[in-house]
Amino acid sequence: MKQFYGVDLPNPLMLGTAQYPSPAILEQAFRASGAGVATVSLRREGAGGTGQAFWQMIADLDVLILPNTAGCHTVKEAVTTAHMAQEVFGTKWIKLEVIGHTDSLQPDVFALVEAARILTEDGFEVFPYTTEDLIVAERLLEAGCEVLMPWGAPIGSGRGLNNTYGLRAMRAEFSDIPLVVDAGIGLPSHAAAAMEMGYDAVLLNTAVARAGDPVAMAQAMMGAVNAGRMAHQADPIEARDMAEASTPVIGKAFLS
């Protein structure tokens with residue numbers, strides 16, 4: 001697995017911290033998943049006056065923290081939130097979200113590039129939530145990003161990988177860049193498929209947090225990302241249009 005701003009991840013699974021039935025289940029799911037990164041919203045951390053207790057629970061998980069700018073719709077809002085998150089969580093990492101479309105939560109890629117450039121100049125290590133558009137990806141790299149996080153499908157939709165062609169094209173185009181499929185994962189098979197394409201990690205939240213049994217789903221996701229990574233590393237066979245016998249015909253008996 002590639003390094004993320006010089007850091008080796010212990011596991012290719014990144015897990016969000018929102019929407020769990022209880023803090024206890026959140027903690028159990030994280031430990032079951034083996035996830036090496038926790039994404040945390042500044043809004044969530046400060047909600048309800050329980051921010052300090054929530055932060056302590058996340059800190060006790062002993063994982064890397066990736067604050068995000070969830071819910072931001074403008075460059076100014078995203079940049080301000082990133083600076084506040086840095087003060088709270090004490091990290092240069094930031095998952096940059098600048099939402100442009102209310103229903104699909106599709107990122108505003110124009111504002112995203114601008115915000116990424118500002119934050120990079122301010123010393124942040126930016127993980128941009130983006131689309132699978134190759135031109136946008138180029139602009140983000142030019143802005144200073146060293147990681148790209150294209151969506152699989154709209155946030156929380158559970159639809160999986162909507163545009164496998166686009167995701168494969170991005171992996172082929174940016175072979176040296178760490179890539180993470182972020183958002184839309186609903187099933188372990190979706191996560192495995194992303195890793196089989198050669199992606200370096202998968203970031204998900206709703207699929208675990210809203211499952212009937214979050215802990216069991218977290219375990220399933222852990223198995224899926226590891227299986228997908230191993231499959232990619234094993235150099236799988238290419239799909240064929242015609243059958244190819246797996247048993248040799250040499251020595252086969254023929255009746256005359």
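Atoms considered below: every heavy atom in the structure, side chains included; atoms not considered: hydrogens, waters and symmetry mates.
- In this pair, F124 and H83 present their aromatic rings perpendicular. The plane angle is above 60°, beyond the 30 to 60° band.
- More than 12 heavy atoms of other residues, nucleotides or ligands sit less than 6.0 Å from atom OH of Y5.
- Checked by atom type and distance alone, the side chain of N205 pairs as donor or acceptor with a backbone atom of A18 at under 3.5 Å.
- Heavy-atom neighbours of M197 CE from other residues, nucleotides or ligands within 6.0 Å: above the threshold of 12.
- Counting non-hydrogen atoms of neighbouring residues, nucleotides and ligands closer than 6.0 angstrom, the CG atom of D8 exceeds 12 such neighbours.
- The side-chain heavy atoms of Y199 and P150, taken from C-beta on, include a pair separated by under 4.5 Å.
- With a 4.5 Å cut-off on side-chain heavy atoms, V180 and F4 count as touching.
- We find that E27 and R31 are joined by a salt bridge, their nearest charged nitrogen and carboxylate oxygen being less than 4.0 Å apart.
- When atom types are taken as modelled, the side chain of K95 and the backbone of S41 share no donor-acceptor pair closer than 3.5 angstrom.
- Both L141 and V147 sit in one connected hydrophobic cluster of ILVMFWY residues. Membership requires side-chain heavy atoms under 4.5 Å apart, directly or through other members.
- Residues V98 and T74 fail the side-chain proximity criterion, which asks for heavy atoms closer than 4.5 Å.
- Residues A35 and V63 come closest through the heavy atom pair O-CG1, 3.4 Å.
- Between M217 and S33 there is no side-chain heavy-atom pair separated by less than 4.5 Å.
- Between R171 and D200, at least one side-chain N (NZ, or NE/NH1/NH2) sits under 4.0 Å from a carboxylate O, which counts as a salt bridge.
- Put simply, the side chain of M221 reaches to within 4.5 Å of the side chain of I185, judged on heavy atoms.
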| request: List the steps and the verdict of side-chain contact (heavy atoms from CB on, under 4.5 Å) for R139 and F110. | output: CA-CA 9 Å; R139 298 294 182 268; F110 305 101; over 6 Å; no
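- Contact record, V215 with A29: CG2-N, 3.9 Å, taken as the closest heavy-atom pair.
- More than 12 heavy atoms of other residues, nucleotides or ligands lie within 6.0 Å of NZ in K2, so this atom counts as buried by the packing criterion.
- Both L203 and W93 are members of a single hydrophobic cluster when ILVMFWY side chains are connected at heavy-atom separations under 4.5 Å.
- Under a hydrophobic-cluster definition in which Ile, Leu, Val, Met, Phe, Trp and Tyr are linked whenever side-chain heavy atoms come within less than 4.5 Å, directly or via other members, W151 and M14 are assigned to different clusters.
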